[in-house]
Amino acid sequence: MPRLGMLMPGPAAHSVATLEPFYRGLRELGYIQGQNLAIERRDGNWKVDRFPALAAELVGSNVDIIVAWSTPTARSAKQATNSIPIVAGVMADPVGDELVASLARPGGNVTGTTFLGPELVAKRLQLLRDVVPGLVRVAALWHPHAYGEHTMANIVKGIEDAARTLGMQPCRPIVLTRSQALSPRWCKSVRTLSS
């Protein structure tokens, strides 16, 4: 029976909504957990320092493939194995974060999807300026563990460069903890440029 390892960045309760469509897709393809597919899942509870040990546990349990649901979990899985295939469900900049050699020829054992379009930062900022006439100062909200350091630095630099090009004044990034990022205060008072 094939063994699928899953490395989730958050707690089990958070993963339920994320995983239901994934499990449904597996069922539609004829894979039923416990019948013809074994699933080993590890939940990181948003503790990035735990990801490497959890990835090593999955490798040690002899899974046939690892599904990693974020850039940090994919990085931990890649560090744990260079032979087990890794599918990353949500990567920001897989090339910049050194998960793959290039998008055209990833090489290695990591594949998956990416959603970040750094080249769109200027357009997003322009749209924000169009919606908020008179906008002069902008700042990036930065969750330090959301993506790799390289990617986060490039995002902030892109925002700063785009702001200057559009005649705006960039401010220092506001570093948020996970609890701050999810607090009602921030959700009500801040609009972000979502990737």
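Residue indices begin at 1 and follow the sequence shown.
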Query raised in the report: Taking everything shown except N82 itself, do over 12 heavy atoms lie less than 6.0 Å from its CG?
Result: no

Query raised in the report: So, do T81 and N109 sit near enough that their side-chain heavy atoms are less than 4.5 Å apart?
Result: yes

Requested in this report: Indicate yes or no: at least one non-hydrogen side-chain atom of R129 is less than 4.5 angstrom from one of L166.
Outcome: yes

Query raised in the report: Counting distance only, does the side-chain N/O of R3 pair as donor-acceptor with the main-chain N or O of S61 below 3.5 Å?
Result: yes

Report task. Give, for atom CD of E40 and atom CG of N62, the distance between the pair rounded to the nearest 0.5 Å. Result -> 10.0 Å

Query raised in the report: Minimum heavy-atom separation for G44 to L54, with atom names?
Result: CA-CD1, 3.6 Å

Query raised in the report: From Q126 CD over to T165 OG1, what is the distance, rounded to the nearest 0.5 angstrom?
Result: 11.0 Å

**Report entry** Among V136, L128, L135, the one residue meeting side chain to side chain contact (heavy atoms under 4.5 Å, CB included) with M168
**Finding:** L135

Only distances under 3.5 Å count here; give the side-chain donor-acceptor pairs of residues 97-104 to other protein atoms, sequence neighbours excluded, each with its distance to 0.1 Å.
residue, atom, partner, partner atom, Å
D97, OD1, T151, OG1, 2.8
D97, OD2, T151, OG1, 2.8
S102, OG, R105, N, 2.9
S102, OG, R105, O, 3.2

Query raised in the report: Members other than F22 in its cluster, when Ile, Leu, Val, Met, Phe, Trp, Tyr link by side-chain heavy atoms under 4.5 Å?
Result: L4, M6, M8, L19, Y23, L26, L29, Y31, L37, I39, I65, V67, W69, V87

Requested in this report: Might you point out which heavy atoms bring R27 and E20 nearest each other, and give the distance in Å?
Outcome: NH2-OE2, 2.9 Å

Query - Intermediate values then yes/no, salt bridge (charged side-chain N to carboxylate O under 4.0 Å, His left out), E160 and R137 - result: CA-CA 10 Å; E160 291 171 346; R137 297 178 54 180; over 6 Å; no

Query raised in the report: With distance as the sole test, does S70 use its side chain to make a donor-acceptor pair with the main-chain N or O of P9 at under 3.5 Å?
Result: no

Report task. Using only heavy-atom distances, determine whether the side chains of T73 and S76 contain a donor-acceptor pair under 3.5 Å. Result -> no

Report task. With rounding to the nearest 0.5 Å, note down the distance linking NZ in K78 to CD1 in I66. Result -> 13.0 Å

Report summary line: All heavy atoms of V59 vs all of A80, minimum pair found to be CG2-CB, 3.8 Å

Query raised in the report: CD1 of I86 to CD1 of I84: how many Å apart, nearest 0.5 Å?
Result: 7.5 Å

Report task. Count the heavy atoms belonging to other residues, nucleotides or ligands that lie under 6.0 Å from CZ of R24, then report whether that count exceeds 12. Result -> yes

Query raised in the report: How far does CZ of R50 sit from CG of L7, to the nearest 0.5 angstrom?
Result: 10.0 Å

